[in-house]
Amino acid sequence: MDHSEARRLGGLLSRAHIAEYLAYCNGDPVAALRLSCWNAEVSAAFYGPLQYLELALRSVLDHRMSVLFGRADWWQAPQANLHHAAQARITEAYSRLSRSGIPQTPGEIVAELPFGFWVGLLGAGNSYDQRLWRTSLHLAFPGYRGRRNILHRDLDYLRVLRNKIAHHCPIHHRHLQADHDAIVRMLGYIDSGLADLVNRHSPLPTVLARRPGLSSQRCNSG
């Protein structure tokens, strides 16, 4: 691919998007486009591990909250007293289901709630530490022995990574192996077998080995 073709193809993308890669690659349009392509590839490699983390976190927290409040629609229990941001997410979930003509069952609501909602249940919230974490939510993480706020911080860090990937942002400059290790570690807190499964089948190591190099692409090594 020559520079002219790379500039043409780059022009079909968001100018702000390709500009970040051009800056990283010293203005080389071929290197920038190749790095952008690899960024998309490594973002896709994170999809599976992050999906399993989101599904597992949703499942175990929903179960613990259902047990704690004795009902499948536990968010409706007055004692739940969720933070206003969480309540807003639930209201949005009901609205989306209503617009789509889907029955607003507890299971459908749970499936509509985003990753950030579940991570938020481990935050400070409305006295969440005393009311939710110590009474029930800590049981969702049998492999974890640390403080709630540390677990929340680490999961929120992965929430940010997930959102960057979802919005097609550059992630190539991050310590991606450490990000992957963090996902596996969080899964291990929930279930070691699930963590092993995800780690064993993750495509990330193979994709990391294909990262465009400085010698062939003239990109900064980062």
Side-chain angles (χ1 to χ4, degrees), residues 13 17 20-21 24 34-66 86 89 93 96 107-123 133 137-213 219 221-222:
L13 305 174
H17 170 88
E20 293 188 56
Y21 293 95
Y24 193 83
R34 287 177 176 164
L35 184 59
S36 174
C37 289
W38 184 82
N39 190 87
E41 184 182 12
V42 79
S43 295
F46 270 104
Y47 179 80
L50 283 169
Q51 181 185 63
Y52 277 100
L53 177 60
E54 183 168 353
L55 288 170
L57 185 67
R58 181 174 79 190
S59 177
V60 296
L61 292 185
D62 175 50
H63 173 69
R64 293 313 320 172
M65 293 293 278
S66 296
R89 294 288 180 87
R96 283 194 298 272
E108 292 290 353
I109 294 296
V110 166
E112 280 290 315
L113 294 170
F115 190 35
F117 173 87
W118 303 103
V119 173
L121 290 180
L122 301 171
W133 174 255
L137 294 189
H138 71 281
L139 297 173
F141 306 93
Y144 184 68
R145 293 293 180 269
R147 293 162 52 191
R148 173 202 56 77
N149 62 322
I150 301 300
L151 180 64
H152 174 259
R153 180 200 65 191
D154 291 347
L155 282 167
D156 196 56
Y157 183 84
L158 293 174
R159 177 193 63 82
V160 172
L161 171 64
R162 176 197 179 279
N163 289 348
K164 285 184 177 297
I165 291 171
H167 291 93
H168 320 304
C169 297
I171 63 168
H172 60 86
H173 57 283
R174 296 172 61 101
H175 191 331
L176 297 175
Q177 184 61 60
D179 288 334
H180 187 265
D181 292 345
I183 294 171
V184 173
R185 186 172 70 254
M186 295 299 113
L187 284 167
Y189 295 154
I190 296 172
D191 186 277
S192 60
L194 181 58
D196 290 341
L197 175 70
V198 169
N199 194 41
R200 187 164 60 250
H201 293 286
S202 173
L204 190 80
T206 301
V207 176
L208 286 179
R210 290 201 294 266
R211 179 186 176 115
C219 288
S221 63

Atom of W118, atom of L57 and distance for their closest heavy-atom approach = CB-CD2, 4.0 Å
Out of curiosity, M186 CE to D154 CG, how far, rounded to the nearest 0.5 Å?
-> 4.5 Å
Note, R58 side chain near L113 side chain (heavy atom, < 4.5 Å) | no
Please, which pairs that meet ring pair (Phe, Tyr, Trp, His ring centres under 6.0 Å) have at least one residue in residues 145-168, sequence neighbours excluded?
-> none
Heavy atoms of P114 and R89 approach each other most closely as CG-NH1, 3.0 Å
Qualifying residues under salt bridge (charged side-chain N to carboxylate O under 4.0 Å, His left out), relative to R174, sequence neighbours excluded | D179
For A56 and L187, the nearest pair of non-hydrogen atoms, with its separation, is CB-CD2, 4.2 Å
Could you list the donor-acceptor pairs under 3.5 angstrom formed between side-chain atoms of residues 190-199 and any protein atom two or more places apart in sequence or on another chain?
{"residue": "D191", "atom": "OD1", "partner": "G193", "partner atom": "N", "Å": "2.9"}
{"residue": "D191", "atom": "OD1", "partner": "L194", "partner atom": "N", "Å": "2.9"}

Spacing of CG belonging to L122 relative to CZ belonging to F141, to within rounding of 0.5 Å = 4.5 Å
In chain order, what residues pass the side chain to side chain contact (heavy atoms under 4.5 Å, CB included) check against P170, with sequence neighbours excluded?
-> E20, Y21, N39, H172, H173
Output the distance between atom CD (E54) and atom OH (Y47), rounded to the nearest 0.5 Å.
-> 8.5 Å
Can you name the nearest heavy-atom pair linking I150 to Y144, along with the distance?
-> CB-OH, 3.5 Å
Flag the pair L161 / I165 as yes when at least one side-chain heavy-atom distance between them is below 4.5 Å, and no otherwise.
-> yes
When you measure from the side chain of R96 to the backbone N and O of E112, does any donor-acceptor pair fall under 3.5 Å?
-> yes
Does a salt bridge link R153 with D156, judged by any charged N lying under 4.0 Å from a carboxylate O?
-> no
List for me each residue that meets side-chain hydrogen bond (donor to acceptor under 3.5 Å, both in side chains) alongside Q177, sequence neighbours excluded, and say none if there are none.
-> D181
Can you list the residues that meet the side chain to side chain contact (heavy atoms under 4.5 Å, CB included) rule with S202, with sequence neighbours excluded?
-> P49, H180, L204, P205
Is there side-chain contact between I183 and F46, with at least one heavy-atom pair below 4.5 Å?
-> yes
From CZ (R148) to CG (L137), nearest 0.5 Å = 10.0 Å
Hey, is the main chain of V207 close enough, under 3.5 Å, to the side chain of W38 for a donor-acceptor pair?
-> yes
Of all the heavy-atom pairs spanning P212 and R34, show the shortest one and how long it is.
-> CG-O, 4.1 Å
How many angstroms lie between atom CG of D62 and atom CZ of F117, to the nearest 0.5 angstrom?
-> 9.0 Å
Contact check, side chains of N163 and F115, non-hydrogen atoms, under 4.5 Å | no
Is it true that atom CZ of R147 has more than 12 heavy atoms of other residues, nucleotides or ligands lying nearer than 6.0 Å?
-> no
Hey, what do you get for CG (L35) to OH (Y24), rounding to the nearest 0.5 Å?
-> 7.0 Å
Does the side chain of L151 reach to within under 4.5 Å of the side chain of W133, using non-hydrogen atoms?
-> yes
